Amino acid sequence: MLQTERTARLEPLRRRLAELELDALLVTGAANVRYLSGFTGSLAYLVIGPEAAEILGDSRYWIQMEQEAAGFELVRPAASADLLSLVPERLASIGRRRVGFEAQHLTVSAFDRLRRGITEAVALEPTTGLVEEMRMRKTEEEIARMRAAASISSRAFDRIRRTIRPGLRERDLAFLLDQSFRELGADSPAFETIVASGENGARPHAHPTERMIERGDMIVFDFGARVAGYCSDISRTVVVGELSAEQRRVIEAVQQAQAAALEAMRPGISADAVERVARRSIAQTIGPEHAFGHPLGHGVGLEIHERPLLAARDRTELAPGMVITNEPGVYVPGWGGARIEDMVLITESGHEVLTAASREVPVAP
Ligand code: ZN
């Protein structure tokens, strides 16, 4: 991360802390640590104050931290001391009184240990989603990485799409897809690739099984690659050979719902309103009982599931720079399912779809 971009991320956080009358924030969520400091390893804490920007890290990462988190003061614990034991001492030495911690990223036992270690002069205050809120709107640099992740996973799918045929197992197809991500330059898959054929397609989060693909199967693929830390997330549904009337009806219903939701995605609309558009569409075409029970979509970024959620409980207004999935599905227990998912960048004037993987449904058997 560029030095200027890092300071650009600390300043709004410091303003937010001032509004909340917090003297410092202890950051323990790994993706938040990465976002603010640039450090890509798995374990480090940050202490952010009006002037302070400290990174606490264990010795496995010291060299990496000096390189990646250049603007941060590296605090080294004594040999074999853990990071948490370092926090009270850091807070005492910089004289912090009201210190926020990330309630979603600190276990109850860690919190108890922390509380026992600090002096009475320091009050620990739970905070929720301060950094996550900043992460919703991506910078140009982040969007460039997400375009790369979306492009690699789209090209990988187009490649393996041609190899789908009866006799391959779900697991084979998942393996081929993961392999293509790597060949095309991804760091890794962003999550466990889903290949769900036949009646397995009725389970939105199916794990790939030994089931052999058969002629006439409808298959749901849900996959994504991670590139330079950033995730992509795509779903496609194909049918091996000719579509049955029922398959056509279900897939067209999903396509229609997705198109209607996409049309609605622009700055100013609230997340829950977009979800309602898709849900209403499926209720009219297929009936509400088989409509998706999961959110219509979610933010994507350093993590595969970020804010906002396109769901009834989320009133966040969409804004330029957000990257959100649009993934309606229809699931019929005992029969199968269909889901189509694209990543959508919210722009000043509306939206842009980042995922170009083939949307064609039939594959030649
Ligand atoms: Zn998704």
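Source: prediction; values computed, not measured. As the structure lists them, so they are numbered: ligands from 1, and atoms in each ligand from 1.
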- Item | Residue and atom names of protein N/O/S atoms that fall under 2.8 Å from the Zn ion (ligand 1) |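 Checking every protein N, O and S atom gives Asp233 OD2, His298 NE2, Glu327 OE2, Glu341 OE2.
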- Does the distance from a Lys or Arg side-chain N to an Asp or Glu carboxylate O, for Glu141 and Arg145, drop under 4.0 Å?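 Between Arg145 and Glu141 there is a salt bridge, with a charged N closer than 4.0 Å to a carboxylate O.
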- Query: Are Asp158 and Arg155 close enough for a salt bridge, meaning some N to O gap below 4.0 Å?
  - Reply: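 The answer is no: the pair does not qualify as a salt bridge.
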- How would you list all residue pairs meeting side chain to side chain donor-acceptor pair (under 3.5 Å) that involve residues 279-290, not counting sequence neighbours?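 Output for this query lists Glu275-Arg279.
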- Restricting to pairs with a member in residues 212-234, which pass side chain to side chain donor-acceptor pair (under 3.5 Å), not counting sequence neighbours?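 The answer is Glu142-Tyr230, Ser153-Ser232, Arg211-Asp217, Asp222-Ser235, Asp222-Arg339, Asp233-His298.
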Determine all donor-acceptor pairs shorter than 3.5 Å in which one atom belongs to a side chain in residues 346-354; sequence neighbours excluded.
unit_1	atom_1	unit_2	atom_2	d
Thr347	OG1	Gly350	N	3.0
Thr347	OG1	Gly350	O	3.4
Thr347	OG1	His351	N	3.3
His351	ND1	Leu262	O	3.1
His351	ND1	Met265	O	2.9
Glu352	OE1	Arg147	NH2	3.2
Glu352	OE2	Arg147	NH1	2.7

- Glu306 side chain to Leu302 backbone, donor-acceptor under 3.5 Å: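 Yes, because the side chain of Glu306 sits within donor-acceptor range (under 3.5 Å) of the backbone of Leu302.
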